[in-house]
Undergrad: 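Just dropping this structure here.
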2 protein chains.
Amino acid sequence: MRYGYFDDLHAEYVIERPDTPMSWINYLGTADYCGIISNHAAGYAFYRSAKTGRLLRFRFNSIPMDRPGRYIYIRDNTDGDYWSATWQPVGKSLDRYRTVCRHGMGYTRFTTEYADIKTDYRVFVPIDRPLELWEIEVENLSDRERDLSLFTYAEWCFWRMDQDLSNFQYILYTCRMGYEDGIIDYTLRWPGGEEDKGFMVSVLPVESFDTDREVFIGDYRHEGNPIAVERGSCACSIAIGGNACGALQNRFTLAPGEKKYALFIVGIGDARTVGRAMLERYRDRVKVEEDFARLGEYWRERLGKYRCVTPSPLVNTMVNVWNQYQCHTTFNWSRSASFNEAGGRDGLGYRDTNQDTLGVVHAIPHLVRNKLIDLLKGQLAEGYAMHSVQPLTWTQGPENVPPPEGIFSDDHLWLLLSVPAYIKETGDFAFLEERVPFADRDEATVYEHLRRALDFSWTKRGPHGLLLGLAADWNDCLNLTGKGESIWSSFLYHRALGEFVELAQRCGNEADARLYEERQREIKARLDEYAWDGEWFIRGYLDSGRKLGGRESEQAKIFINSQTWAVISGAADPEKGRLAMDSLWKYLATEHGVVKNWPAYRTTDTEIGAITSFPPGLKENAAIFCHTNTWAVIAECLLGRGDRAFALYLSFLPAAKNDRAELYTMEPYVYSQFITGKEHPYHFGRARNSWLTGTASWAFVAVSQYILGIRPDYDGLVIDPSIPPEWEGFEVTRVYRGKTFHIKVRNPKGVSRGVAELLVNGKILPGNLIPHGAMAAANEVEAVLG
Amino acid sequence: MRYGYFDDLHAEYVIERPDTPMSWINYLGTADYCGIISNHAAGYAFYRSAKTGRLLRFRFNSIPMDRPGRYIYIRDNTDGDYWSATWQPVGKSLDRYRTVCRHGMGYTRFTTEYADIKTDYRVFVPIDRPLELWEIEVENLSDRERDLSLFTYAEWCFWRMDQDLSNFQYILYTCRMGYEDGIIDYTLRWPGGEEDKGFMVSVLPVESFDTDREVFIGDYRHEGNPIAVERGSCACSIAIGGNACGALQNRFTLAPGEKKYALFIVGIGDARTVGRAMLERYRDRVKVEEDFARLGEYWRERLGKYRCVTPSPLVNTMVNVWNQYQCHTTFNWSRSASFNEAGGRDGLGYRDTNQDTLGVVHAIPHLVRNKLIDLLKGQLAEGYAMHSVQPLTWTQGPENVPPPEGIFSDDHLWLLLSVPAYIKETGDFAFLEERVPFADRDEATVYEHLRRALDFSWTKRGPHGLLLGLAADWNDCLNLTGKGESIWSSFLYHRALGEFVELAQRCGNEADARLYEERQREIKARLDEYAWDGEWFIRGYLDSGRKLGGRESEQAKIFINSQTWAVISGAADPEKGRLAMDSLWKYLATEHGVVKNWPAYRTTDTEIGAITSFPPGLKENAAIFCHTNTWAVIAECLLGRGDRAFALYLSFLPAAKNDRAELYTMEPYVYSQFITGKEHPYHFGRARNSWLTGTASWAFVAVSQYILGIRPDYDGLVIDPSIPPEWEGFEVTRVYRGKTFHIKVRNPKGVSRGVAELLVNGKILPGNLIPHGAMAAANEVEAVLG
């Protein structure tokens, strides 16, 4: 069953059936203002921080689902019938109500027909203003004059979401609404805080308004049948205390065939100054169109740095539009706000944000550089990192030192992937010499930051010489106590050491290169001795000495991450790497992706951690955690097994679920955090927690740098595809260090991997690297596999 | 407009119109299990702690209001029509749906008629088991056989409310529901936590069930139209992750005139053991009736210790039933959970709980004694108190020391009212010698605890020799900075010193008596010098030296608390006390009660505090804060102005608002925290935040000990009424130290105050005190005013 399709021409996902099994959402806003909007126009908005800057309210996990939002009601004043410009909240019968929702790049648009009235409702946030524009065009398709009203509706949120959710004896006595000249003024006061303000504006004349939620909705009613809309006019209520809403009525007649354009603006700022100025500005529809065009330009520019044409439409859609769009969304909003992340966890997750940079560094290296500095400022002088950094309020000091039980095994090590990725992309070696403060005290060069990260981990090794698990490794729910060691962290460490050695060499720091190479050899020796289990790599050692994820384990005999990272880290012997990935394929891979571990935990084990508390097949316990699946793709590419890499890629690709949406349930256009695993008794194949996942960046890395194989490196651009042998070729257009590359890959012999011929601007080059010296401003590249 | 009436015979409030302007709620449970239930059966339940033991979920401040709860749907399987045993959530048209809700003592009952089917639905919590019983009797009033189904519905809550409200990426993956033999098993697992469990049982055979909320309700539906009820059967869903619900279907036919009794049980414990045992126990309806009878006995016993018959039915209803019931509710549940208190603030508010004891000490002195010990354990060795104490998890230690900015001016001083009140009621002087630990270190006698409270305040005096305001005084929103001083705290301190002096004398500690008497004189001298403003007492001095609440103040020229406590404290000269209360009457009293200050603050003043941030007429800023109104009543009684005392008492009495419920909006049977003040532009007279307010205990003290004037004291029972002169008399029955007093007061001369004749068991006594020596086991008392 499908609910929609990809419109690649317009970079839209088009939802034709509104009754999706879950809310399918989109993100509006690119700078300080973020709006989240579902296919029913539900959702919230915040300014700068989802935690402390919440402007529009949303009821999470509620019944009815998906309320409230940015509603526009249409009322026929002749017969009193009313509906909404989106199917919900009024929810008219779908045999008389036709609607299409288009989620685009930074905007969402709803076209609807009901009762011979057509509406075209579009919401977007300009790239440089903290406000959202609600445009609606209403057309009379009938042959008689129509007397119509429009009613907007949104709920204002107390700015601090934790207060808004629970402190009703307080928040309900803070608002002081106002109304003047078509502008609703949302003001509240709190002790000691700045006076935050919001506004809602109508460009057409206002017939009536409400600012008190209970007055607009009415007792024992809901957004589906508000009393004001039923009655045909608002009550001009001014909320002083209570729940604040914004509701504005326009009223007009339409001759047969006539169209009317209405515009409403919701934003941050003082109603009398900013609200009035915005009303003046956007009275001119040309300004709206200009801002919409600039938004399109913004996204075209960002997404245009890497484009492909492959035999797989799914790959083309995801790579060119949705996967990159999701990467920018996670990067912009730091994974803090969605319909399942309520926004209470603010700031930058340390490992999350490091990884999020990988998916956008080719497009916005300058912004990645800033973000890396934010992250480096979250590193302690001892080398480990704060698990979460708050750049908006960061100041150096001992208060940033986490308690010992709050130190993670891997957080700081991700810097050894994100910083090198930035330098490979840009060549900006000077960045390594930039001095950046630590979170608690002192400052040092970026290079020194990286070194301290490695030195910290060197001091945190356990009885087998492998890295201690500490609070957790990448898997938040593996909480190995005491002397518990993480094989996975040790693989990451091996890779991190390798990255540093290469940097040290390139910086001419030979002594460093030798020292950390020695450490890398030592870690590899420990891994060789203690990590292999015969058919696969184990996941760690518990405090008691028991193996985690080995043949003799009673539960969770095999884990995904130690197989994939054995290969990715470069630590595994090639034969063991292949065997390990074969075991992954045999025990963990399913039609919906690779489960995290098998068999699922069924009893709690406090030596292992929270993973053992989840039901089998959910979250960390034997679900298909999509983030980890991307590493399986990369590992198979590194092994040169492009067919298997692509099969794994497709298995968890959301676009591949489009026609099984009743099972998958979440958005087919973006990755979810996990897909329910095979050991769940009911929901194998059902996705949950969409949008805010490290899957986005790693999936983009996997497909763009490993399957398609266009990979930036210090010395140039590497062309190293690992594709299904049946692909006859593909094309990629990529910007690299300001130069353009149009790359045609041909595969006449039906192989998976191996560049046999490389032509750059008509010249044959050896190997598969385009060195800087061979690059022009614009480059035509042809690579033949074989 | 009225929605219901008081049925004093059954101690019930009867709601005849279900569409009340707000949720009108009741509390179920007397020990570890608390349920809150509205007049639509909405509400939640928790075990021990509203914060960490939440069993049933409720959506606060939501649209639709008042959901979910303890729903029972009735479906006619012949025509598919369905409704609920309470008006909401299905909300049938009120011209065809007749319903009455009766809130009683620890139970709520709904009788409903629709489609010739009558249902009688009663919910209660037995006094000694952590579970609730949902009984329903269904009667066929028609002349044809009816094929009916019942469906129960409740949502299980993740135990920790803060997680349940916001951490969806976690809580939705924890539940593991089960079903067996008519019993739904609510189990979830979390790392490191005990496995908490709940169950739902049907005594009648189960036709179908659901445990997955989304399956029962259906997408884009709500509690008003669940798909399972519409379809006529549940889907036997087992939620493993997701939102857990409990839904059980019974199905039966009823011949004309036939009745059927069904029972459902929701409770805490393992389904297979506790659930099964409860099913076995309550299969026998006699057990249900026994438990209901014991519940009635519990409340009759508690409320029966003080009963009155006065010329005012309002007084009789409130004193004999609702005011006392509210006092026990605030005492039992520590003001932590209601429909506007979401339950996130757990434990005992220090000053709140001290005051809450005053309203119940006559009925349950042994429980008050335990609570006082809990409070004394929250006092620091230095004498001040933790602002909130957590008896469930209390352990002594330095972690209990609040930061300096968390020390309040008054918290600890309330011990000087609560402990003496307990001893006056019981004569238990030995309590003063009991050794109790402090919160941080050491232990001492209760007497020493009291002394340290006084000594701490002595060190916290400001430039005028008056008590510093510290974080706040009783008014949480008066946050006087730096050297700011609170006149009100100084009055309280004067009273507290007086109470201690009397205790010291009675304990033979003459040196103490002299020392603290000297301090009391010193405080009185400072108050005489600095507190009087000509017509009234000011409220304090700000850090800058400005007066707070004086003639020259730009805003808030006069406050209620300094007038009332000038009298209550005994510190004011009688003439100034009268003048002050006259000013209160002139500037602050309104038809809906006495506002807290006048004029309201309209601009923020950080030297004064949060009070200046609320809109005029709401909360602390010029609202009718009911708690403070009780003190006005007491002060007028102390001045002997019974007519004015009674007028003030009536002005904010909820029962007196019964016929103006459309304005008052909250429950007419219990006090609310505040009534909107006269300076609010729209809602003067509208109440908010019902049930959990110190108003309950102090209103009971005011009416029972001051208006009716039956007041326990060390040497006996004082008879000192201050009544409206037109009252010809009244009667009170009261238990005091295990003895019964039937007191008839006659007022032949139409005075307000002054006992002219006192007969006890036929003997004339001098004055107005019944000394212990004159008391029999049962006493007939006659007092004649004049």
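As the structure is a computational prediction, the values presented were derived from the model and not from experiment. Quick note on labels: first sequence line is chain A, next is B, and so on, each numbered from 1.
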Undergrad: Given a strict heavy-atom distance threshold of 4.5 Å, which part of B:P18 is in contact with chain A: side chain, backbone, both, or neither?
TA: backbone
Undergrad: When heavy-atom pairs shorter than 4.5 Å are enumerated against chain A, which of B:P616, B:P64, B:P21 gives the highest number?
TA: B:P64
Undergrad: So which of B:P615, B:A342, B:A610, B:G344 has the biggest tally of heavy-atom pairs under 4.5 Å with chain A?
TA: B:P615
Undergrad: How long is the span from the OG1 atom in B:T603 to the CZ atom in A:R189, to the nearest 0.5 Å?
TA: 7.0 Å
Undergrad: About how many Å separate CZ of A:R221 and CD1 of B:I63, when rounded to the nearest 0.5 Å?
TA: 11.5 Å
Undergrad: Based on non-hydrogen pairs under 4.5 Å, which of A:F60, A:Y173, A:W87, A:F168 is most in contact with chain B?
TA: A:Y173
Undergrad: With respect to chain A, which residue among B:E223, B:R213, B:H683 yields the maximal number of heavy-atom pairs within a distance under 4.5 Å?
TA: B:R213
Undergrad: Which pairs pass salt bridge (Lys or Arg N to Asp or Glu O under 4.0 Å) with one or both residues in residues 679-688 of chain B, sequence neighbours excluded?
TA: B:R602-B:E679
Undergrad: Flag the one option from A:R67, A:R345, A:H222, A:Q169 with the top tally of heavy-atom pairs under 4.5 Å to chain B.
TA: A:Q169
Undergrad: With a 4.5 angstrom heavy-atom cut-off, could you sort out which part of B:E341 is near chain A: side chain, backbone, both or neither?
TA: side chain
Undergrad: Among B:I238, B:T20, B:N61, B:D19, which residue forms the greatest number of heavy-atom pairs with chain A at distances under 4.5 Å?
TA: B:N61
Undergrad: Checking A:S338 against chain B: side chain, backbone, both or neither under 4.5 Å from a heavy atom?
TA: neither
Undergrad: Quick one: salt bridge (Lys or Arg N to Asp or Glu O under 4.0 Å) partners of B:D476, sequence neighbours excluded?
TA: B:R351
Undergrad: Heavy-atom distance under 4.5 Å to chain B: side chain of A:R59, backbone, both or neither?
TA: side chain
Undergrad: Hey, is the main chain of A:I240 close enough, under 3.5 Å, to the side chain of B:H680 for a donor-acceptor pair?
TA: yes
Undergrad: Measure A:C477 against the heavy atoms of chain B and call it side chain, backbone, both or neither at under 4.5 Å.
TA: neither
Undergrad: Counting only heavy atoms closer than 4.5 Å, note whether B:P681 contacts chain A via side chain, backbone, both or neither.
TA: side chain
Undergrad: If I measure from the heavy atoms of chain A, does B:Y682 come under 4.5 Å with its side chain, its backbone, both, or neither?
TA: side chain
Undergrad: Quick one: OH on B:Y220 to CE on A:M65, what's the gap to the nearest 0.5 Å?
TA: 4.0 Å
Undergrad: Measuring from A:N340:CG to B:S166:OG, what's the distance to the nearest 0.5 Å?
TA: 12.0 Å
Undergrad: Could you state the interatomic distance from OH (B:Y170) to OG (A:S613), rounded to the nearest 0.5 Å?
TA: 5.0 Å
Undergrad: Between atom CG of A:L172 and atom CG of B:L618, what is the distance when rounded to the nearest 0.5 Å?
TA: 10.0 Å
Undergrad: Is a side-chain donor or acceptor of B:K619 paired with a backbone partner of A:T174 at a separation under 3.5 angstrom?
TA: no
